[in-house]
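Please find one structure pasted underneath; my questions will follow.
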Amino acid sequence: MFEKVLIANRGEIALRVLRACRELGVRTAVVYSTADADSAAVRLADEAVRIGPAASRRSYLNAAAIVEAARQVGAQAVHPGYGFLSEDADFAEICADNGLVFIGPPPEVMAVLADKSSARELMRRAGLPLPPGSVAPVPTAAAAAEVAAEVGYPVIVKAAAGGGGRGMAVVATPAELPRAYARTRAAAQAAFGDDRVYVERYLTGARHVEVQLLCDSHGNGVHLGTRDCSVQRRHQKLVEEAPAPALSAGIGEAIAECALRGALHAGFTGAGTVEFLVDPDERFHFLEINCRIQVEHPVTEMITGIDLVHEQLHIAAGVPLRLRQEDVRFHGVAIECRVNVEDPDRGFAPTPGRLERFVPPGGPFTRVDTHGHAGYLFGPHYDSLLAKVAVWAPDRELALNRLERALDEFDIAGPGVRTTIPFVRRVLDDAGFRKGRYSTGLVEQLLAGPPDAHHRRLR
């Protein structure tokens with residue numbers, strides 16, 4: 001095991017990794033920007049290194065500064081968390097060139113999987129089903145129109161280098177396609193420095209189901225079951241649960257086995273997730289592979305009892321996978337919601353400010369991952385995630401009730417600060433959601449309808 005790990009991230013995930021390291025007897029160092037000088041991670045780490053100003057491109061995205069910090073503190077490995085440089089193959093290669101273990105897949109594997117076109121081709125060769133559409137990027141609007149005509153509308157135009165819900169546009173008619181194609185290419189170039197896009201059939205009424213994997217560098221791998229992440233705004237998740245509900249017998253296992261086959265075929269190592277779209281007829285289609293720990297990993301930990309960050313660290317240290325598939329046991333249901341400092345009534349616009357009160361919930365089988373505290377200044381510089389609350393119960397109905405109870409206990413207040421809690425309550429009250437029968441269109445459906453009396457009362 002490593003003696004010291006540098007944590008190249010901030011917020012709740014920095015704390016999550018820090019705690020895992022401490023439990024394994026590994027010393028920690030964190031990097032921080034000037035905006036995070038008084039953060040909980042800085043306070044709790046064994047060492048902290050300031051790497052730049054608040055702007056992420058000059059701090060948390062500054063690969064040279066992070067590597068220099070790791071060398072300065074004598075770290076053997078770098079944990080990138082999620083977001084920022086966590087899926088940057090160039091950063092992983094820079095770490096390797098400087099004698100640092102990047103806690104994630106090898107750079108060459110990450111480079112292939114980060115490019116959605118090459119990932120799709122790789123998974124096609126592994127036998128995973130793809131949504132109808134182009135495997136390779138489409139070079140012109142005319143080529144995009146040919147693909148769309150073949151697979152049928154609606155279609156979705158996606159950036160080959162996209163991620164985080166950026167670089168995609170749904171197109172309902174042929175007349176909309178040229179503009180959407182040009183707009184998506186421009187957005188992809190601005191966001192990722194890569195304007196390649198591809199086109200596939202947009203699966204109306206589909207669910208977003210993903211599979212958590214652990215794979216070592218010795219050719220071993222296990223899946224840890226499914227999660228449903230269909231409740232999304234702007235392609236970013238709000239509510240996640242494990243296992244994915246209301247799947248027919250055998251479908252969940254088939255999806256999980258397919259995911260593991262694809263990851264092993266790609267040479268993946270570490271903790272990762274293979275994501276699928278599942279249509280109303282329960283046909284599943286490969287979407288992408290995430291080469292990092294995900295925000296929603298607590299729900300998998302709660303139904304399996306497996307600490308994913310512990311396993312990440314062991315795998316990165318070269319230890320053969322400590323689990324076989326028959327060792328993985330699933331118990332009950334876990335549901336997580338994200339508490340973002342956003343105003344759902346204004347298009348989920350961020351509402352930064354100082355937290356005058358911050359009291360998270362407690363109680364049985366309730367887990368809160370957060371970096372917030374009373375007096376914390378939630379600034380405008382980074383992601384709006386303040387906390388994640390996850391609950392476990394023997395069955396889904398009790399888990400939903402427990403999550404509602406936990407949300408009721410949150411006490412968050414500050415000038416101008418709004419959170420997504422009232423909107424999440426609307427999701428939990430939705431009849432289709434309660435039955436486990438919902439799709440990625442749920443948030444749009446709720447936003448299009450009038451707020452109910454329960455929502456008005458919560459405001």
After noting the C-alpha distance and the side-chain angles of Glu342 and Arg418, does the key distance pass the salt bridge (charged side-chain N to carboxylate O under 4.0 Å, His left out) rule?
CA-CA 6 Å; Glu342 297 174 351; Arg418 298 286 301 277; over 6 Å; no
Just by modelled atom types, is the His208 backbone N or O under 3.5 Å from a matching donor or acceptor in the Ser230 side chain?
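Confirmed, Ser230 side chain pairs with His208 backbone.
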May I have the step-by-step check of ring-ring contact (aromatic ring centres under 6.0 Å, His included) for Phe423 and Phe348, ending in yes or no?
CA-CA 10 Å; Phe423 187 82; Phe348 293 94; 5.4 Å; yes
Would you check if there is a donor-acceptor pair between the side chains of Gln189 and Asp194 at a distance under 3.5 Å?
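Side chains of Asp194 and Gln189: no pair found under 3.5 Å.
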Distance from Thr440 atom OG1 to Arg233 atom CZ, nearest 0.5 Å?
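Rounded to the nearest 0.5 Å, the OG1-CZ separation comes out at 14.5 Å.
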Step through it carefully: locate the ring centre of His79, locate the ring centre of Phe102, and say whether they are under 6.0 Å apart.
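That pair fails the under 6.0 Å test.
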Side chain Asp343, main chain Ala349, donor-acceptor under 3.5 Å
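Here the side-chain-to-backbone pair does not exist.
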Close side-chain approach of Val417 to Phe378, heavy-atom, < 4.5 Å:
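They are not in side-chain contact.
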Identify the two heavy atoms, one from Val222 and one from Gln325, that lie closest to each other, and give their separation to 0.1 Å.
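Looking at all heavy atoms of both residues, the closest pair is CA-OE1, 3.3 Å.
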Sequence-distant partners of Arg22, salt bridge (Lys or Arg N to Asp or Glu O under 4.0 Å), two or more places apart:
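Arg22 satisfies salt bridge (Lys or Arg N to Asp or Glu O under 4.0 Å) with Asp46 once adjacent residues are dropped.
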Identify the two heavy atoms, one from Phe192 and one from Gly167, that lie closest to each other, and give their separation to 0.1 Å.
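Residues Phe192 and Gly167, closest heavy atoms: CE1-CA, 4.5 Å.
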For the backbone of Val389 and the side chain of Thr366, can you confirm whether one donor and one acceptor N or O come within less than 3.5 Å of each other?
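Side chain of Thr366 to backbone of Val389, a donor-acceptor pair under 3.5 Å: no, none is there.
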Within the structure provided, determine whether Arg329 and Thr304 are in side-chain contact (heavy-atom separation under 4.5 Å).
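A side-chain contact is absent here, since even the closest heavy-atom pair is not under 4.5 Å.
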Using the side chain to side chain donor-acceptor pair (under 3.5 Å) definition, which of the options Glu336, Glu240, Glu12, Glu296 pairs with Lys388?
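By the side chain to side chain donor-acceptor pair (under 3.5 Å) criterion, Lys388 pairs with just one of Glu336, Glu240, Glu12, Glu296: Glu12.
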Counting only N and O atoms by type, is there a donor-acceptor contact under 3.5 Å from the side chain of Glu121 to the main-chain atoms of Val135?
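Flag not set: sc Glu121 to bb Val135 has no pair under 3.5 Å.
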Which pair of non-hydrogen atoms, one from Ala14 and one from Ala41, has the smallest distance, and what is that distance?
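So the two residues come closest at CB-CB, 4.0 Å.
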Using atom types as modelled and distance alone, determine if a side-chain donor or acceptor of Gln76 lies under 3.5 Å from a backbone N or O of Gly74.
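Yes; judged by distance alone, with no hydrogens or angles, the pair exists.
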Any luck finding a side-chain donor-acceptor pair between His265 and Arg125 under 3.5 Å?
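No, no side-chain donor-acceptor pair sits under 3.5 Å.
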Closest non-hydrogen atom pair, Thr351 against Gly416
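Scanning both residues completely, I find the closest heavy atoms to be CB-O, 3.4 Å.
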Would you find a donor on one side and an acceptor on the other, under 3.5 Å apart, between the side chain of Arg234 and the backbone of Gly347?
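Answer holds: yes.
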Residues Glu409, Arg405: salt bridge by 4.0 Å N-O rule
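Looking at Glu409 and Arg405, the cut-off is met.
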Is the distance between the ring centroids of Tyr60 and Tyr382 less than 6.0 Å?
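Judged by ring-centre distance (under 6.0 Å), Tyr60 and Tyr382 do meet the cut-off.
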Between Thr370 (side chain only) and Val368 (backbone N and O only), is there a donor and an acceptor less than 3.5 Å apart?
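Judged by distance alone, no pair lies under 3.5 Å.
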Is there a donor-acceptor contact under 3.5 Å from the side chain of Asp216 to the main chain of Gly219?
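Yes.
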When you check the gap from the basic side-chain N to the acidic O, do Arg16 and Glu301 get nearer than 4.0 Å?
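Yes, charged N to carboxylate O under 4.0 Å.
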I'd like to know if the side chain of Ser59 and the backbone of Pro53 have a donor-acceptor N/O pair within less than 3.5 Å.
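Checking the backbone N and O of Pro53 against the side chain of Ser59, a donor-acceptor pair under 3.5 Å is found.
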Salt bridge check: are Asp327 and Arg324 linked by an N-O gap of less than 4.0 Å?
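The answer is yes: the pair qualifies as a salt bridge.
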Is it true that the side chains of Arg58 and Ser33 contain a donor and an acceptor less than 3.5 Å apart?
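Result is no, nothing qualifies.
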Presence of salt bridge, Glu210 and Lys237, under 4.0 angstrom
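Salt bridge flag = yes for Glu210 with Lys237.
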If you look at every heavy atom in Met123 and Gly262, which pair is closest and at what distance?
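Distance-wise, the nearest heavy atoms are CE-O, 3.3 Å.
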With side chains defined as the heavy atoms from C-beta onward, is the minimum distance between Leu260 and Glu257 less than 4.5 Å?
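Result no, sub-4.5 Å side-chain heavy-atom pair not found.
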Inspect the contact between Lys4 and Glu47 and indicate whether a charged nitrogen and a carboxylate oxygen are less than 4.0 angstrom apart.
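Yes, Glu47 and Lys4 are salt-bridged.
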Write down the atom of Ala259, the atom of Phe276, and the distance for their closest heavy-atom approach.
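Looking at all heavy atoms of both residues, the closest pair is CB-CE1, 3.7 Å.
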Assess whether a salt bridge exists between Arg425 and Asp408, defined as any Lys/Arg side-chain N lying under 4.0 Å from an Asp/Glu carboxylate O.
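A salt bridge is present here (some side-chain N lies under 4.0 Å from a carboxylate O).
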Expected output: side-chain Thr226 to main-chain Ala244 donor-acceptor under 3.5 Å
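Yes, the answer is positive, given that a donor and an acceptor are paired below the 3.5 Å cut-off.
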Check whether any side-chain heavy atom of Asn340 lies under 4.5 Å from a side-chain heavy atom of Thr419, and answer yes or no.
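SC-SC contact between Asn340 and Thr419 ruled out.
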Within 45° cone of Phe433 ring axis and under 6.0 Å: Arg396 NZ or CZ
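Pair Arg396/Phe433 counts as cation-pi.
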Lys/Arg N to Asp/Glu carboxylate O, Arg434 vs Glu404, below 4.0 Å
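So Arg434 pairs with Glu404 through a salt bridge.
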Would you call Glu3 and Arg27 a salt bridge, taking side-chain N to carboxylate O under 4.0 Å as the test?
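Salt bridge between Glu3 and Arg27, a charged N being under 4.0 Å from a carboxylate O: no.
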Any carboxylate oxygen within less than 4.0 angstrom of a Lys/Arg side-chain nitrogen, looking at Glu200 and Lys158?
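Result for this pair is yes, salt bridge flagged.
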